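Before any comments, here is the structure.
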Amino acid sequence: MIKKRVSNIEVKKINRNRIFRYVNNRERTSKPEVAAALGISMPTVLQNVNELMEQGLVQEVGELESTGGRKAAAIAPVRNAYHALGIDITQNHLGFVLTDLSGTVLKHARVQKPFADDRGYYKDMGEAALEFLEREGGLGKGFLGVGISVPGIVDNTANQIVRSHALGIAGVDCSRFSEFLMLPSVFINDANAAAIAEIYHAETRFNAAYLFLGNSVGGAIIQERKGYLGDETANDRLYLGDNWRGGEFGHMTLVPGGNRCYCGKEGCLDAYCSAKNLSRHTDGKLERFFEEMEKGNKGFEKLWEEYLSHLAVEVNNLRMVFDCRVIIGGYVGSLIEPYLGRLQEKAAALNTFEADGSYIQACRYRVEASALGAALQQVEAFVSTV
């Protein structure tokens with residue numbers, strides 16, 4: 001008898017969560033549409049929608065257009081009921097994103113701030129984050145917390161940044177970063193965060209290797225995993241590996257005995273395909289590199305062609321290993337769309353099985369994707385409790 005009661009409670013909780021997620025992912029819908037889409041009875045939908053309205057998470061917003069019968073009442077999510085902050089820490093900058101329950105970028109900012117492992121840096125970071133929140137109206141009763149992305153290996157079980165070659169730290173407790181924020185904080189690897197932003201609103205499930213081409217190169221492995229009755233989160237779709245290093249594509253050996261990587265090894269992908277390999281020719285401004293190339297700078301055209309050749313080798317390797325789509329993200333991914341055809345050609349020429357490189361895609365989220373993915377950790381933690 002007790003077992004049956006617990007089971008019923010769980011089913012009710014799962015149904016309410018599925019209904020909320022469905023409504024939250026749409027601008028407007030109706031109760032009959034929710035019932036039909038999720039295969040849940042109308043009485044169950046009515047009860048749960050009423051409860052969500054009482055919680056201030058769903059609202060009625062007029063009527064939908066009639067398809068022949070009585071007009072259905074339209075319902076919509078109250079997405080601005082809660083907000084979260086995302087912070088992306090890089091070697092030279094701090095990126096900030098404010099999002100609500102929609103999981104989109106509402107406001108964003110980037111400030112120059114070279115990293116230093118000292119209290120002065122962490123104090124300045126905390127103050128800059130709070131100033132951003134106050135300026136954009138993110139603080140208040142509905143503030144969920146902060147997500148912080150870092151270019152390194154994050155062990156959430158130990159609440160520790162195991163190692164970040166990019167920042168030059170190892171074995172650092174995460175609390176050091178959040179000490180001056182005094183807000184609930186969670187931590188995530190920057191490439192994993194960007195991959196989560198990429199898949200968070202995807203209507204369909206898919207496998208993918210997400211190649212993060214920032215000032216350091218990272219990556220994430222996305223799995224087409226389906227949860228039970230909609231209980232899966234975006235995080236569940238990432239393969240993190242045995243040591244939280246899943247997707248560390250940047251330190252795969254691309255050219256044995258080649259250029260020295262910042263990690264100290266020779267020939268790493270990072271030494272050839274980080275955004276710095278391009279932006280160092282234009283005073284750290286990646287956009288300027290592409291602008292100058294488009295103006296006919298032959299030297300830059302040659303550099304870009306060499307860059308694409310190295311990138312094609314890596315992309316083909318990922319295709320051979322994972323047999324899935326490859327998404328190009330990071331700073332380079334945000335600008336690669338016009339040149340995607342050339343990359344696809346180069347990768348196809350290396351492929352043993354395919355003469356088509358259409359499996360290579362540019363990322364959808366191109367503005368502060370890592371900061372957004374970090375903020376989504378807080379959003380998802382709340383949504384999973386609804």
Side-chain angles (χ1 to χ4, degrees), residues 86-97 110-118 121-122 125 128-129 146-156 158-174 176-178 185-198 209-221 238 240-241 243-252 261-265 268-280 284 286 314 327-334 363 365-377:
I87 304 176
D88 179 37
I89 296 173
T90 74
Q91 290 173 311
N92 296 303
H93 297 89
L94 290 169
F96 300 109
V97 157
R110 175 159 283 238
V111 297
Q112 188 167 8
K113 184 66 180 175
F115 178 79
D117 185 23
D118 57 50
Y121 173 88
Y122 298 122
M125 184 193 80
V146 184
I148 300 175
S149 76
V150 295
I153 301 164
V154 180
D155 183 346
N156 285 310
N159 196 41
Q160 185 182 83
I161 297 170
V162 178
R163 180 175 294 277
S164 171
H165 285 293
L167 300 182
I169 57 176
V172 174
D173 195 276
C174 291
R176 191 181 303 181
F177 286 80
S178 57
S185 301
V186 294
F187 294 78
I188 185 172
N189 167 266
D190 58 353
N192 286 340
I196 285 174
E198 188 73 17
Y210 184 90
L211 185 55
F212 184 79
L213 303 176
N215 284 337
S216 59
V217 176
I221 303 164
L238 297 185
L240 301 177
N243 300 289
W244 303 88
R245 296 196 296 264
E248 279 288 347
F249 305 139
H251 299 292
M252 292 172 65
C261 178
Y262 68 85
C263 74
K265 305 298 183 183
C268 293
L269 173 67
D270 198 295
Y272 292 88
C273 289
S274 76
K276 284 183 176 180
N277 282 278
L278 304 174
S279 63
R280 63 188 173 87
L286 185 62
E314 176 66 14
I327 302 171
I328 310 299
Y331 300 151
V332 176
S334 68
C363 59
Y365 284 86
R366 302 174 185 183
V367 177
E368 299 295 354
S370 292
L372 175 60
L376 288 173
Q377 302 296 290

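Since this is a predicted model, take the numbers as computed values, not measurements. Counting from 1, the numbers follow the sequence of the chain as shown. Below, all heavy atoms of this structure are taken into account, side chains as well, without hydrogens, waters or symmetry copies.
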Study note, to complete from the structure: One should read off an interatomic distance between L213 CG and C273 SG, to the nearest 0.5 angstrom, of 6.5 Å

**Study point:** Nearest non-hydrogen partners of L372 and A197, listed with the distance
**Key:** CD2-CB, 4.0 Å

Considering only distance and modelled atom types, tabulate donor-acceptor pairs under 3.5 Å from the side chains of residues 160-168, sequence neighbours left out.
residue	atom	partner	partner atom	Å
S164	OG	P151	O	2.7
S164	OG	L167	N	3.0

Point to revise | Qualifying residues under side-chain hydrogen bond (donor to acceptor under 3.5 Å, both in side chains), relative to D88, sequence neighbours excluded | key: R110, S149

Practice item. May I ask you to decide if A191's main-chain N or O and N189's side chain share a donor-acceptor pair within less than 3.5 Å? Key: yes

**Study point:** Partners passing salt bridge (charged side-chain N to carboxylate O under 4.0 Å, His left out) against R366 (at least two apart in sequence or in another chain)
**Key:** E337

Check your understanding: For the side chain to side chain contact (heavy atoms under 4.5 Å, CB included) test, which of I148, V146, I188 pairs with Q377?
Key -> I188

Check your understanding: Is any side-chain heavy atom of W244 less than 4.5 Å from a side-chain heavy atom of V154?
Key -> no

Practice item. Measure the CD1-CD distance between I221 and E248 for me, rounded to the nearest 0.5 Å. Key: 10.0 Å

Practice item. Would you check if the side chain of D270 reaches a backbone N or O of S216 as a donor-acceptor pair within less than 3.5 Å? Key: no

Point to revise | Considering all heavy atoms, the nearest F96-E368 contact | key: O-CG, 4.4 Å

Practice item. Any chance you could lay out the side-chain contact (heavy atoms from CB on, under 4.5 Å) test for S274 and Y262, step after step, and finish with the verdict? Key: CA-CA 11 Å; S274 76; Y262 68 85; over 6 Å; no

Exercise for review: Check the pair F115 / V150 against side-chain contact (heavy atoms from CB on, under 4.5 Å), numbers first and verdict last.
Suggested key: CA-CA 11 Å; F115 178 79; V150 295; over 6 Å; no

Practice item. List the atom of G373, the atom of I196, and the distance in Å for their closest heavy-atom pair. Key: O-CG2, 4.4 Å

Check your understanding: Below 4.5 Å, heavy atoms only, C-beta onward: do I89 and L94 meet side chain to side chain?
Key -> yes

Check your understanding: Checking side-chain contact (heavy atoms from CB on, under 4.5 Å) for the pair F177/V172: CA distance, chi angles, key distance, verdict?
Key -> CA-CA 9 Å; F177 286 80; V172 174; 4.0 Å; yes

Review point. Any chance the side chains of N192 and Y210 put a donor and an acceptor closer than 3.5 Å?
Key: no

Check your understanding: Which pair of non-hydrogen atoms, one from A193 and one from A374, has the smallest distance, and what is that distance?
Key -> CB-N, 3.8 Å

Check your understanding: What are the two closest non-hydrogen atoms of Y365 and E198, and how far apart are they?
Key -> N-OE1, 3.4 Å

Point to revise | K113 and M125: CA distance, side-chain angles, deciding distance, side-chain contact (heavy atoms from CB on, under 4.5 Å) verdict | key: CA-CA 8 Å; K113 184 66 180 175; M125 184 193 80; over 6 Å; no

**Study point:** Contact summary for N156 and F187, nearest pair of heavy atoms
**Key:** OD1-O, 3.1 Å

